[in-house]
Structure formats: C-alpha cells, structure tokens
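When a ligand or atom number is given, it counts from 1 through the structure's own listing order.
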Amino acid sequence: MLEPALLPTPLVDCTDEVFARAGVELRLKRDDLLHPSVPGNKWRKLAPNLAAAVEGGHRRLLTFGGAYSTHLRAVAAAAAALGLESVGLVRGEELAGRPRNWSLAAAERAGMRLEFLTRAEYREATGRAETDAEAGDGGPWRRWEPCLVLPEGGSNALAVTGAAAIPAELPGLGGRDVVCCPVGTGGTLAGIAAALPPGARALGVAVLRGGEGYLEAEVARLHRAAYGREFANWRIEHGHHGGGYGRVPAELAAFAAGFEQRHGVPVELRYVAKLLAALAGLTAAGAFPRGTRLTAVVTGLPDPV
Ligand SMILES: Cc1ncc(COP(=O)(O)O)c(C=O)c1O
C-alpha cells in the first residue's frame with residue numbers, strides 16, 4: 001500500500017532579509033513533505049485521477065514523460081499501490097537500448113512498463129492526450145488499450161480540482177495575499193487560482209523559456225475544462241526561467257544553496273528554486289506593495305540522485 005499522505009501540509013513563516021526589507025511576508029506551504037514517493041503537486045494532481053480510475057474500473061494507467069520525469073515515477077508508485085498496471089511512454093527512442101537511468105529504473109522497479117517513442121511520435125501522442133482523451137479513440141497508445149490515459153505532467157481537469165485543495169489549506173486568505181507556484185504545464189496554478197477567495201491572487205513563475213501566451217492559454221483551457229469558466233485572479237511571470245527548462249545557472253544554484261542553508265528547506269532546482277528566486281527578485285524590485293503576504297507552494301523535492 002501507499003504510505004499515508006501528510007495532509008494538510010505544513011505552512012511555515014519564513015523570515016528572509018530581502019522580503020523583510022520590502023515589508024513583504026513570506027510563508028512556505030510545504031507540499032514537498034506531502035508524500036515520499038508521490039510528492040508535492042504530483043499527489044495533488046494524481047489523487048482525483050486515481051480515484052476516478054478505481055471508480056471507473058480501470059486496470060491500467062498510461063502516461064508520458066521524459067528520461068527523468070518525476071511524473072512517471074509518481075504514476076508508477078501510485079498505480080502499484082492501488083493494484084493497477086502502469087505504462088509509461090518515454091520521449092527518446094535512443095534510450096531504449098541504453099542502461100536505464102535512476103529515474104526510469106525506479107519507475108520500472110515499481111512495475112511500470114516503458115515504451116520509447118521518437119520525438120515526433122511523442123509529440124503526436126502527448127498532443128492527442130492533452131484533450132483529456134479517453135482510451136478507445138485509437139491514439140498512439142492503441143496497443144495498450146484498455147487503459148486510462150493521463151496527459152504529460154498529469155494536468156487535466158481532474159488534476160486542476162486536486163490542486164484546488166491547496167488554498168483550502170490556507171485559512172484567512174484575503175486582499176493582501178498572493179499564492180505562488182512554479183509553472184510547467186499550468187495545472188497547479190490553475191487549481192490554486194480557481195480556489196482562491198475574492199481579493200486574493202495567484203502568481204505563477206514559468207520554468208521554461210518562450211511560454212508567453214501559450215501557458216496563459218493552457219491555464220485558461222484547464223479552467224474551462226474543470227470549471228466551465230475562466231478566472232482573472234492570476235498571472236504568470238516569464239522572466240525567471242534561468243535559460244530554459246532544466247537549465248540551472250550557477251547564480252540560481254547559489255541562491256538555492258543559500259536559501260536551503262538559511263531555512264533548512266531542501267530546494268528542488270528545476271521548479272522550486274526558480275519560484276523562490278523570482279519572488280526574491282520581484283520583491284527586491286518593488287513589485288509587491290508593503291504588507292503583501294506571499295505564500296510560496298514548495299511543489300516538489302530535490303531529485304534523490
Ligand atoms: C516540483 C514541481 N513543481 C511544479 C511543477 C509544475 O506543475 P504544473 O505542470 O502543474 O505547472 C512540476 C511538474 O509537474 C514539478 O515537478
């Protein structure tokens with residue numbers, strides 16, 4: 001069985017000089033402590049999908065990811081715990097003949113079957129799955145049917161409702177609050193924004209380069225899919241991706257190490273470090289009025305390797 005989740009996750013005040021100087025409060029929502037093998041936003045987004053899979057009588061989950069995908073490992077662990085089969089379609093056919101890296105090896109150890117796709121096949125498959133496809137529509141996953149297809153990164157309408165549980169664990173939100181998270185596919189931000197009370201706002205920090213317009217459209221699409229409407233209480237910062245997805249410039253790594261040392265919080269580099277560095281940079285530049293309370297959602301754990 002899956003170990004129990006730590007819910008609600010801890011909410012801790014974080015006193016840091018940059019923020020204090022600007023009269024801005026910073027709190028950390030420690031979703032990284034949520035679960036050891038399905039951490040942070042992976043749990044938030046997967047929980048409602050897994051409940052629906054079990055309820056719908058599905059026996060097999062199929063999803064997508066890159067060579068070091070946390071999502072693939074999380075789906076493998078959660079599916080195994082629920083007695084479901086899992087299949088991972090992996091980007092990069094060249095990986096098929098190589099020794100498994102630690103991440104794919106962990107997914108396989110949990111029972112996930114891996115199939116390696118060319119980049120073109122992968123693009124086609126993930127594109128089709130984005131529209132919340134149900135198995136049976138003849139997608140590139142045909143040979144694995146019947147299966148429940150979860151999109152890349154796990155962001156679908158149900159996932160958004162899972163992330164909407166985060167603000168429900170933040171009592172007393174109001175006009176001075178900004179709830180902040182990193183943005184990969186936009187599912188976590190969409191859920192947070194949808195569940196905020198009037199006056200509070202959500203801020204996403206894009207971790208990839210060139211997402212302007214595209215990521216906003218994704219969040220709006222997910223809002224329509226989950227709630228049948230759009231929301232106007234959120235925005236995405238695009239200037240803090242550090243050069244692109246997975247890029248961690250030395251300055252960012254140094255910031256993360258300093259933060260970790262000062263606050264004793266392990267800082268995941270691809271998402272969480274970019275979020276925290278963006279908040280520090282924006283605060284130092286005067287982007288938030290005095291009295292603002294920022295809640296940074298620590299959405300994941302550093303890689304175990
Ligand atoms: C640690 C972490 N934070 C944030 C995200 C981005 O979340 P989303 O894809 O919902 O925008 C991811 C990727 O899913 C992640 O692994």
Report task. May I ask you to decide whether E145 forms a salt bridge with R142, counting only side-chain N to carboxylate O separations under 4.0 Å? Result -> no
Report task. Answer yes or no: is there an ion pair linking R293 with D177, defined by an N-O contact shorter than 4.0 Å? Result -> yes
Query raised in the report: Would the number of heavy atoms belonging to other residues, nucleotides or ligands and lying under 6.0 Å from CZ of R247 be above 12?
Result: no
Report task. Find out whether P167 and E169 are in side-chain contact, i.e. whether some heavy atom of one side chain is under 4.5 Å from a heavy atom of the other. Result -> no
Need the list: ligand 1 N/O atoms against protein N/O atoms, distance under 3.5 Å, rounded to one decimal.
unit_1: ligand 1; atom_1: 3 (N); unit_2: T299; atom_2: OG1; d: 2.6
unit_1: ligand 1; atom_1: 7 (O); unit_2: N41; atom_2: ND2; d: 2.9
unit_1: ligand 1; atom_1: 7 (O); unit_2: T188; atom_2: OG1; d: 3.4
unit_1: ligand 1; atom_1: 9 (O); unit_2: K45; atom_2: NZ; d: 3.2
unit_1: ligand 1; atom_1: 9 (O); unit_2: T185; atom_2: N; d: 2.8
unit_1: ligand 1; atom_1: 9 (O); unit_2: T185; atom_2: OG1; d: 2.6
unit_1: ligand 1; atom_1: 10 (O); unit_2: K45; atom_2: NZ; d: 2.7
unit_1: ligand 1; atom_1: 10 (O); unit_2: G187; atom_2: N; d: 3.3
unit_1: ligand 1; atom_1: 10 (O); unit_2: T188; atom_2: N; d: 2.9
unit_1: ligand 1; atom_1: 10 (O); unit_2: T188; atom_2: OG1; d: 2.7
unit_1: ligand 1; atom_1: 11 (O); unit_2: G184; atom_2: N; d: 2.8
unit_1: ligand 1; atom_1: 11 (O); unit_2: T185; atom_2: N; d: 3.0
unit_1: ligand 1; atom_1: 11 (O); unit_2: G186; atom_2: N; d: 2.8
unit_1: ligand 1; atom_1: 14 (O); unit_2: K42; atom_2: NZ; d: 2.6
unit_1: ligand 1; atom_1: 16 (O); unit_2: K42; atom_2: NZ; d: 3.2

Report task. Quick one: pull up CG in L294 and OG1 in T283 and give me the separation to the nearest 0.5 Å. Result -> 5.0 Å
**Report entry** Residues, nucleotides or ligands: over 12 heavy atoms within 6.0 Å of R119 CZ
**Finding:** yes
